[in-house]
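Take a look at the structure set out below.
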Amino acid sequence: NAGVTQTPKFQVLKTGQSMTLQCAQDMNHEYMSWYRQDPGMGLRLIHYSVGAGITDQGEVPNGYNVSRSTTEDFPLRLLSAAPSQTSVYFCASSYGTGELFFGEGSRLTVL
Amino acid sequence: KQEVTQIPAALSVPEGENLVLNCSFTDSAIYNLQWFRQDPGKGLTSLLLIQSSQREQTSGRLNASLDKSSGRSTLYIAASQPGDSATYLCAVRLPGAQKLVFGQGTRLTINP
């Protein structure tokens with residue numbers, strides 16, 4: 001099993017550009033989420049989903065959109081990138097409220 | 001508001017020592033607690049998950065304990081090895097909540 005797969009691993013954007021971070025899991029987990037990790041701030045929840053067609057906001061949702069059309073995929077869209085969105089992004093999934101599994105991360109730099 | 005604290009922020013010990021990493025949380029009404037390790041530039045790897053009804057969990061050389069009443073969890077690493085060097089994070093999930101609250105982590109270095 002591949003677990004949680006994120007692409008791309010690295011990305012550089014200019015301010016105002018848009019892009020989508022991809023996340024896929026092959027464990028048939030209902031729950032998927034996106035976190036960002038910043039020095040001194042720890043991990044913060046951006047958006048999450050408890051199943052296909054259901055999404056909700058986390059702590060820091062502004063500037064990001066998500067959708068969940070299938071159980072496997074949970075893409076994160078940056079609508080108009082800002083330097084404050086420079087971060088490492090992690091996708092995670094779990095079966096219900098059980099053990100959480102993380103992807104390898106996507107490192108984003110916004111110039 | 002739930003807050004999770006890990007002290008110390010960094011720890012360096014010689015190879016072979018047994019060691020304990022600490023995690024404290026302010027709200028004892030947790031659903032579960034999970035320990036992770038993170039290697040530089042990598043994602044988080046799940047080590048142990050303890051449900052609120054459990055007192056401890058073991059996996060190989062790792063043992064995690066949970067004391068909800070005092071708001072504390074410890075991760076015990078036996079016979080440490082250089083390969084154990086990483087940042088260790090704990091996270092708690094509140095009942096009915098879909099997010100985990102993470103500590104800032106303890107950066108562990110095992111010296112050969």
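Just so we're on the same page: letters track the sequence lines, and every chain starts at 1.
Identified by a heavy-atom distance below 4.5 Å to chain A, the contributing residues of residues 46-60 of chain B are B:Ser46, B:Leu49, in residue-number order. Within residues 102-111 of chain A, the residues having any heavy atom closer than 4.5 Å to a heavy atom of chain B are A:Phe102, A:Gly103, A:Glu104, A:Arg107, listed by residue number.
Proximity to chain B is limited to the side chain of A:Gln37, based on heavy atoms less than 4.5 angstrom apart. Residue contact with chain B, scored on non-hydrogen atoms closer than 4.5 Å, is absent for A:Ser33. For chain B, the nearby part of A:Val50 is the side chain; its heavy atoms alone come within less than 4.5 Å.
Looking only at distances, no side-chain donor or acceptor of B:Asn32 sits under 3.5 Å from a matching main-chain atom of A:Gly98.
If you take CD on B:Gln104 and CG on A:Leu43, they are separated by 9.0 Å, rounding to the nearest 0.5 Å. With rounding to the nearest 0.5 Å, the separation of CZ in A:Phe90 from NZ in B:Lys42 is 10.5 Å.
There is no path of hydrophobic side-chain contacts, each under 4.5 Å, that joins A:Val88 to A:Tyr64. A continuous path of ILVMFWY side-chain contacts below 4.5 Å connects A:Leu76 to A:Met32, so both sit in one hydrophobic cluster. At a threshold of 4.5 Å between side-chain heavy atoms, the hydrophobic network of Ile, Leu, Val, Met, Phe, Trp and Tyr places B:Leu33 and B:Leu94 in one connected group. The hydrophobic clustering, which links ILVMFWY residues whose side-chain heavy atoms are closer than 4.5 Å, places B:Leu62 and B:Leu66 together. Two different hydrophobic clusters hold B:Val101 and A:Phe101 under the rule that ILVMFWY side chains link at heavy-atom gaps under 4.5 Å.
In A:Arg44, the CZ atom is crowded: over 12 heavy atoms of neighbouring residues, nucleotides or ligands sit closer than 6.0 Å.
Residues A:Ser94 and B:Arg93 approach most closely at OG-NH2, 4.1 Å, considering heavy atoms.
At least one cation-pi condition fails for A:Arg36 and B:Phe102: the charged atom is not both under 6.0 angstrom from the six-membered ring centre and inside a 45 degree cone around its axis.
Two residues are said to be in side-chain contact when any heavy atoms from C-beta on lie closer than 4.5 Å; B:Leu44 and A:Leu100 fail this criterion. Taking the side chain as every heavy atom from C-beta outward, B:Leu100 and A:Tyr35 approach each other to under 4.5 Å.
Among A:Gly96, A:Gly42, A:Gly58, the residue with the largest count of heavy-atom pairs under 4.5 Å with chain B is A:Gly42.
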